[in-house]
Amino acid sequence: MSSVRRLLDGYVSGGILLDKATVTLYEDIQEFWVAERDEDARVIGCGALHVMWEDLAEVRTLAVDPRIKGAGVGRHVLEKLLQTARWLGVRRVFCLTFEVDFFAKHGFVEIGETPVDTDVYSELLRSYDEGVAEFLGLERVKPNTLGNSRMLLHL
């Protein structure tokens with residue numbers, strides 16, 4: 001997990017990714033896929049898929065080592081996350097991102113509102129997960145999400 005932490009820290013300090021406590025990364029380890037460099041197994045990319053509801057999941061914490069950006073690592077990690085979503089039966093995948101062009105290339109489209117009905121919205125309000133609060137656009141997390149675009153992909 002320390003390799004993932006190091007990878008994320010540069011993006012957190014640059015305001016690109018929201019900070020996550022290391023304990024949260026450990027709690028969510030089963031959601032992560034990582035990409036490693038063949039010659040030394042150094043972590044060069046990561047991403048997580050967080051299932052939010054029966055047909056909805058979120059791509060979280062997608063990051064690539066800045067020294068190799070553009071080499072397709074992010075695409076491979078995202079493809080693995082989407083493959084996992086399909087395997088789980090998820091039909092819609094959400095992301096909150098500054099990287100609009102990257103996600104648009106993979107079929108995501110910008111959305112304005114939360115794409116769930118009122119009953120599901122009410123249930124999601126019961127979650128303690130900060131990512132769910134960001135998805136719902138709750139006032140208490142808006143300072144964390146300023147400038148991010150809400151995007152959705154239908155699988």
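Basis for what follows: all heavy atoms, side chains included, without hydrogens, waters or symmetry-related copies.
Shown here for Leu81 and Leu49, the closest heavy-atom pair between the two residues is O-CD2, 3.6 Å. Across all non-hydrogen atoms, the minimal contact from Val90 to Leu155 is O-CD1, 3.3 Å. Between Gly45 and Val73 the shortest heavy-atom distance is CA-CG1, 4.1 Å.
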Pair Leu152-Leu56, side-chain contact (heavy atoms from CB on, under 4.5 Å): steps then yes or no: CA-CA 10 Å; Leu152 188 69; Leu56 180 68; 4.3 Å; yes

Would Leu8 and Lys20 count as a side-chain contact (heavy atoms from CB on, under 4.5 Å) if you check the C-alpha gap in whole Å, the side-chain angles of each, and the deciding distance to 0.1 Å? CA-CA 9 Å; Leu8 300 179; Lys20 289 184 185 251; 5.7 Å; no

Pair Met1-Ile29, side-chain contact (heavy atoms from CB on, under 4.5 Å): steps then yes or no: CA-CA 8 Å; Met1 188 50 69; Ile29 192 70; 2.7 Å; yes

Take Thr97 and Met151 through the test side-chain contact (heavy atoms from CB on, under 4.5 Å) and record every step on the way to the result. CA-CA 8 Å; Thr97 186; Met151 299 185 80; 3.7 Å; yes

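For Asp101 and Lys105, the salt-bridge test fails: no basic side-chain N is under 4.0 Å from an acidic carboxylate O. Salt bridge annotation for Arg37-Asp65: absent, with no cationic side-chain nitrogen under 4.0 angstrom from a carboxylate oxygen. Ion pairing between a basic and an acidic side chain is recognised when a charged N comes within 4.0 Å of a carboxylate O; Arg86 and Asp55 show no such pairing.
If you take CG on Leu62 and CZ on Arg75, they are separated by 12.5 Å, rounding to the nearest 0.5 Å. Considering NE2 of His154 and CZ of Phe108, their distance stands at 11.0 Å, rounded to 0.5 Å. Of the inter-residue distances, the one linking Cys46 atom SG with Glu31 atom CD reads 12.5 Å to the nearest 0.5 angstrom. For the atom pair Asp28 CG and Arg60 CZ, the distance stands at 7.0 Å (nearest 0.5 Å). Distance check, rounded to the nearest 0.5 Å: CD of Glu99 to NE2 of His106 gives 11.0 Å. To the nearest 0.5 Å, atom OH of residue Tyr11 and atom OG1 of residue Thr61 are 12.5 Å apart.
For the 3.5 Å distance criterion, the side chains of Glu58 and His50 fail to qualify, holding no donor opposite an acceptor.
With a 6.0 Å radius and a threshold of 12 heavy atoms from other residues, nucleotides or ligands, Arg91 has its CZ atom at or below the threshold. Within a 6.0 Å sphere centred on CH2 of Trp53, heavy atoms belonging to other residues, nucleotides or ligands number more than 12.
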